Amino acid sequence: MSSPVVTRFAPSPTGYLHIGGARTALFNWLYARGRGGKFLLRIEDTDRERSTPEATEAILKGLTWLGLDWDGEVVSQFDRKDRHAEVAREMLKRGSAYKCFCTQEEIEAFREAARADGRSTLFQSPWRDADPSTFPDMPFVIRLKAPREGQTVIADRVQGDVTFGNDQLDDMVCLRADGTPTYMLAVVVDDHDMGVTHVIRGDDHLTNAARQTQIYKAMDWPVPVWAHIPLIHGPDGKKLSKRHGAVGLHDYQAMGYPASAMRNYLCRLGWSHGDDEFFTDDQARDWFDLNGIGRSPSRLDFKKLENISGQHIAASADAALLPEIEAFLAASGQPALTEAQRTLMSRGLYCLKDRAKTFGQLIEKAHFVLQSRPIAPDEAAAKVLDTVSRGILKELTPQLRNASWEREELETAVARVAEAHGLGLGKLAAPLRAALAGRTATPSIFDMMLVLGREETLARLMDAAA
RNA sequence: GGCCCGUUCGUCUAUCGGUUAGGACACCAGGUUUUCAACCUGGGAAGAGGGGUUCGACUCCCCUACGGGCUGCCA
């Protein structure tokens, strides 16, 4: 029986939740959830200079919006600093680490000289094998006594076996002179203590995995399964950065993409299950596997995201859509729906959702349900509502008043009037559209009538005809 | 500089030595339609370059080019 899967997402709280980070979190979540495992969340806040509570809040909010729920409490790495120090002392006791009294100035000077001479800048501390009786009364760091020979190999589920010569890896600092742990130590201790079995993260950590493996070995701890996934690049193929525009997950929410679409798109970016492009969360959980992750970086493609988004909106249940739309309105700084608007909106979703790729577009298409009388026509609509058209609308109104409010009968009534004037349906649809919505691009006129209801429809027609 | 990773249509990708190299998005051209969206049909579009290995390479190996990562008492 294999041990249950435990994955984690471990962002550092120095800003918003990056889109790349969101994908990393998604992969971890999918992997755990698809296997009945646990998905943990740890905030790597050991850098006190750059970590902020606001950033932590933003990350939590982002994950929540994306629908990635984590198990247990959020772990603060900083809170565990005593345990990290304890492990460092344990390594000292085991002889797998040592005290180094070199000052940062000394080390920097060494590196500069090495660079100038074209030698390796790998620092080798003179204190590695020093006699304790020679220890000065000075601050010290604790460094790992890393093997100088042989190699460290990472059995990576994405990258394959990656081998590093131990002569390339220096004796990394584990505990700083002020007694706080470095990232390298903290991750290993935390991942071990939290029982993490699979470390799925960006491939910018691939080299770190080698260093971290040495710490695991030093403590005789089992090394987790590694999976280093390629980073996401911008549309220009360069590493994704602020100049590409939207890099924060919150930007995507504000752009009106549903969370389900983001999950689908992000999941498919750098991972594949044959030719499947559009899928549900259940399918993603069933299908997601480390084997399907590609080895090359992928670029963001907004057109594709938009397409996937449209499919998700169209496939969503109306009842599920409404709260998402309201969240979008709030996230993008738009006014909330009034009670009346919400009622009409939920009644109209059936004919709106398959015409929009984003919630922004949906709101745009929903113009006719969001407006109240009198409807102010835009320029194009006003042009359509000429004298002749208004006359025809006036004639249509009484016929509709007596119609049962059902699609077939409405169609018949409108067609009859059109025919009486020797017009095609299209000719009559235009002014009707203008009267009902004040726009020239709207859902079907019959859908609008059905959604608006008899009273509102007639009132709008009479407004326009007057 | 050193070490490590990557490179299939514009983009995301399939292929796991033998295919007319497939799909999706995007694009172009038609069609359909009460507008918009959608939808239908068709089209152009790829193995970075060079060497090997092999009866046969997109697939395996080497070199080059390009891109990326690491090389911190940042994470």
Side-chain angles (χ1 to χ4, degrees), chain A residues 10-14 44-47 49-51 77 100 102-104 107-108 111 114-115 117-123 139-143 154 156 158-160 162-165 167-170 172-178 180-184 186-187 202-208 210-211 228 230-231 233 235 237-239 265 268-278 292 294-308 310 314 352 354-357 361 364-365 380 384 411 414 418 424-430 432-434 437 439-446:
Chain A
S12 44
T14 55
E44 311 227 310
D45 50 0
T46 52
D47 184 341
E49 299 281 301
R50 298 195 298 153
S51 300
Q77 190 160 64
C100 171
C102 294
T103 65
Q104 299 200 49
I107 297 170
E108 193 39 52
R111 288 212 176 96
R115 248 190 297 272
D117 296 355
R119 283 177 295 133
S120 164
T121 56
L122 243 59
F123 181 69
F140 60 87
V141 298
I142 294 181
R143 306 187 93 108
I154 309 299
D156 194 278
V158 174
Q159 310 287 342
V162 184
T163 305
F164 295 89
D167 56 354
Q168 297 298 322
L169 275 8
D170 60 4
M172 75 198 103
V173 172
C174 292
L175 205 68
R176 298 185 185 106
D178 65 0
T180 61
T182 60
Y183 160 77
M184 221 57 84
V187 210
D203 69 3
D204 49 337
H205 285 292
L206 187 57
T207 315
N208 291 340
R211 300 173 180 291
H228 289 91
L231 302 173
H233 286 187
K238 301 288 182 188
K239 195 178 152 191
Y265 176 74
R268 188 59 175 64
L269 194 62
W271 171 86
S272 65
H273 181 265
D275 284 333
D276 294 305
E277 300 278 353
F278 173 79
R295 289 150 299 278
S296 55
S298 37
R299 309 178 188 201
L300 241 26
D301 180 351
F302 285 88
K303 292 286 192 185
K304 187 144 187 171
L305 203 208
E306 209 168 77
N307 178 276
I308 291 288
L352 292 167
D354 54 354
R355 322 170 83 83
K357 291 178 177 160
Q361 289 178 16
E364 181 57 28
K365 304 272 183 195
V384 169
E411 282 179 9
V414 172
L425 177 58
K427 286 289 184 198
L428 183 47
L432 253 171
R433 198 184 309 284
R439 296 279 180 93
T440 50
T442 74
S444 146
I445 49 173
F446 301 110

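We name chains A, B, ... by the order of the sequence lines, and we start the count at 1 in each one. None of these values were measured; they are calculated from a predicted model.
When the C1' atom of B:rA37 is taken as reference, atom CZ of A:Arg439 falls 15 Å away, rounded to whole Å. Per the geometry, CG belonging to A:Asp275 stands 11 Å off P belonging to B:rG22, to the nearest Å. The nearest whole Å value for the distance from the NZ atom in A:Lys357 to the C1' atom in B:rA38 is 9 Å. Between A:Arg299 atom CZ and B:rA26 atom P there is a gap of 18 Å when expressed in whole angstrom units. Taking atom CD of residue A:Gln159 and atom C1' of nucleotide B:rC5, one finds them 6 Å apart after rounding to whole Å. As rounded to whole Å, 13 Å separates atom P of B:rU34 from atom CG of A:Leu428. Separating the CZ atom of A:Arg268 from the P atom of B:rU11 is a distance of 15 Å, rounded to the nearest angstrom. Between the P atom of B:rC25 and the CG atom of A:Asn307 lies a distance of 5 Å, rounded to the nearest Å.
Within 4.0 Å (heavy atoms only), A:Ser298 reaches sugar-phosphate atoms of the nucleic acid but no base atom. A:Ala430 comes within 4.0 angstrom of no nucleic acid atom, judged by non-hydrogen atoms across all strands. Within the 4.0 angstrom heavy-atom criterion, base atoms lie near A:Pro443. At a threshold of 4.0 angstrom between heavy atoms, the contacts of A:Ser51 with the nucleic acid are absent. Among the protein residues, A:Val162 comes within range of the sugar-phosphate backbone only, with heavy atoms under 4.0 Å from sugar or phosphate atoms but none that close to a base. Among the heavy atoms of the strands, none lies under 4.0 Å from A:Gly294.
For B:rG30, the paired base is B:rC40 (Watson-Crick or G-U wobble, both distances below 3.5 Å). Nucleotide B:rG6: paired with B:rC66 (Watson-Crick or G-U wobble, both distances less than 3.5 Å). Across the strands present, B:rC16 finds no partner; the criterion is a Watson-Crick or G-U wobble pair with both atom distances under 3.5 angstrom. With a cut-off of 3.5 Å on both pairing distances, B:rA57 has no Watson-Crick or G-U wobble partner at all. Across all strands shown, B:rA24 pairs with B:rU11; the Watson-Crick or G-U wobble distances both stay below 3.5 Å. In this entry B:rG1 has B:rU71 as its Watson-Crick or G-U wobble partner, both defining distances falling under 3.5 Å.
Between B:rU8 and B:rC16, the distance separating the two C1' atoms is 14 Å to the nearest Å. If you take atom C1' in B:rA14 and the same atom in B:rU53, they sit 26 Å apart, rounded to whole Å. Across the C1' atoms, B:rG43 and B:rU34 are found 30 Å apart, a figure rounded to whole Å. Comparing the C1' positions of B:rU59 and B:rA46 gives an interatomic distance of 15 Å, to the nearest angstrom. Nucleotides B:rG50 and B:rC3 are separated by 25 Å at their C1' atoms, to the nearest Å. Comparing the same atom, C1', in B:rA45 and in B:rA26 gives a spacing of 11 Å after rounding to whole Å. When the C1' atom is used for both B:rC9 and B:rU71, the distance is 37 Å, rounded to whole Å. For the C1' atoms, the distance linking B:rC58 with B:rC73 amounts to 47 Å, nearest Å.
Closest approach of A:Val141 and A:Ala177 over heavy atoms only: CG1-N, 3.5 Å. The shortest non-hydrogen separation linking A:Arg355 to A:Thr442 is NH2-O, 3.8 Å.
Side-chain atoms of A:Glu411 do not come within 3.5 Å of backbone N or O of A:Phe446 as any donor-acceptor pair.
Residues A:Ser51 and A:Pro13 meet the side-chain proximity criterion, which asks for heavy atoms closer than 4.5 Å. Between A:Tyr265 and A:Asn307 the shortest side-chain heavy-atom distance does not fall below 4.5 Å. No side-chain heavy atom of A:Asp47 sits under 4.5 Å from any side-chain heavy atom of A:Thr14. Taking 4.5 Å as the limit, some side-chain heavy atom of A:Val414 sits within range of a side-chain heavy atom of A:Leu428. Put simply, the side chain of A:Asp204 reaches to within 4.5 Å of the side chain of A:Leu231, judged on heavy atoms. Looking at A:Val162 and A:Thr207, their side chains never come closer than 4.5 Å, going by heavy atoms from C-beta outward.
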Restricting to nitrogen or oxygen on both sides, can you table the protein-nucleotides 60-63 of chain B pairs closer than 3.5 Å?
none

Polar atom pairs (N or O), protein with nucleotides 67-72 of chain B, under 3.5 Å:
residue : atom : partner  : partner atom : Å
B:rG69  : OP1  : A:Lys239 : NZ           : 3.3
B:rG69  : O2'  : A:Asp204 : O            : 3.3
B:rG72  : OP2  : A:Arg111 : NE           : 3.0
B:rG72  : OP2  : A:Arg111 : NH2          : 3.2

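If A:Ala441 and A:Thr180 are placed on RNA chain B by their nearest nucleotide, the residue sitting closer to the 5' end is A:Ala441. Nearest-nucleotide assignment on RNA chain B puts the 5′-proximal partner with A:Tyr265, out of A:Tyr265 and A:Phe446.
Evaluation of atom-type donor-acceptor distances gives a pair under 3.5 Å for the side chain of A:Arg50 against the base of B:rC74. One donor-acceptor pair, N or O on each side, does fall under 3.5 Å between the base of B:rU34 and the side chain of A:Arg433.
Of the candidates B:rU35, B:rC25, B:rC73, B:rC25 carries the atom nearest the A:Asp301 side chain, counting heavy atoms from C-beta on.
OP1 or OP2 of B:rA14 sits under 4.0 Å from a side-chain N or O of A:Ser272. The phosphate of B:rU13 (OP1 or OP2) has no side-chain N or O of A:Lys304 nearer than 4.0 angstrom. Of the side-chain N and O atoms in A:Ser120, none sit less than 4.0 angstrom from OP1 or OP2 of B:rG1.
Annotation: the span from A:Gln104 atom CD to A:Arg176 atom CZ amounts to 9.5 Å, rounded to 0.5 Å. Here NE2 of A:His205 is found 7.0 Å from NE2 of A:His228. Values are rounded to the nearest 0.5 Å. Atom CD of A:Glu306 is separated from atom CG of A:Asp301 by 10.0 Å, given to the nearest 0.5 angstrom.
The pair A:Glu108-A:Arg115 meets the salt-bridge criterion, since a charged nitrogen lies less than 4.0 angstrom from a carboxylate oxygen.
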